[in-house]
Amino acid sequence: MPLPSVAQLGYPTPATSIAPFVGRHRFPSRDRSHLVNEIVVEHHGTFGVIFASLGMTAYYMALTWINILLGLLLGPLFMIPLTWVQDAFAKK
C-alpha cells in the first residue's frame with residue numbers, strides 16, 4: 001500500500017503555498033476580504049521595534065549588572081573561609 005501524497009494529506013504544497021503571491025502585491029491593501037490563503041504578517045511599526053529593542057537592551061544590561069554584582073559579593077564569601085582553611089593547614 002503506497003503512502004499518501006502531501007496533497008492528499010491536506011498539507012500545502014510549494015505550488016499552493018506560493019499561489020496567493022503570483023501576480024499580486026506581497027502587501028495588499030487594507031481590504032482583505034478577497035484573501036483566503038494569504039499569509040498575513042503582523043507588524044507593530046517603527047515605534048514597536050524601537051520599544052522592543054529598548055526593552056531587550058534594558059534586560060541584557062540588568063543581566064550583566066546582576067552577574068557583576070554576584071561576582072563581587074559571592075567571591076569574598078568563598079575566599080575568606082578558604083583563607084581560614086589555608087591558615088589551619090599552615091599551622092600543622
Side-chain angles (χ1 to χ4, degrees):
M1 181 169 151
L3 293 174
S5 68
V6 175
Q8 289 172 339
L9 291 174
Y11 294 114
T13 60
T16 60
S17 61
I18 201 160
F21 299 120
V22 175
R24 195 177 328 156
H25 298 311
R26 197 171 263 275
F27 301 104
S29 65
R30 291 190 184 269
D31 178 29
R32 297 178 183 208
S33 60
H34 63 284
L35 304 176
V36 177
N37 293 328
E38 185 79 25
I39 299 172
V40 178
V41 178
E42 184 177 342
H43 62 89
H44 297 286
T46 306
F47 291 116
V49 172
I50 292 171
F51 187 76
S53 66
L54 288 176
M56 287 186 283
T57 301
Y59 171 77
Y60 284 111
M61 286 176 68
L63 189 66
T64 304
W65 177 71
I66 197 70
N67 280 325
I68 289 171
L69 282 182
L70 283 173
L72 288 174
L73 297 177
L74 292 180
L77 199 66
F78 292 102
M79 294 300 284
I80 292 171
L82 283 176
T83 59
W84 298 339
V85 172
Q86 285 179 341
D87 289 341
F89 279 123
K91 286 182 183 175
K92 289 183 181 182

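All residue numbers in this chain count up from 1 along the given sequence.
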Should side-chain heavy atoms under 4.5 Å link Ile, Leu, Val, Met, Phe, Trp and Tyr, which residues sit in the same cluster as F51? none
Report all side-chain donor-acceptor pairs from residues 84-92 shorter than 3.5 Å, counting only partners two or more places apart or in another chain.
none

Can you list, pair by pair, the side-chain donor-acceptor contacts under 3.5 Å of residues 60-83, counting residues two or more places apart and other chains?
{"residue": "T64", "atom": "OG1", "partner": "Y60", "partner atom": "O", "Å": "2.9"}
{"residue": "N67", "atom": "ND2", "partner": "L63", "partner atom": "O", "Å": "3.2"}
{"residue": "T83", "atom": "OG1", "partner": "I80", "partner atom": "O", "Å": "2.5"}

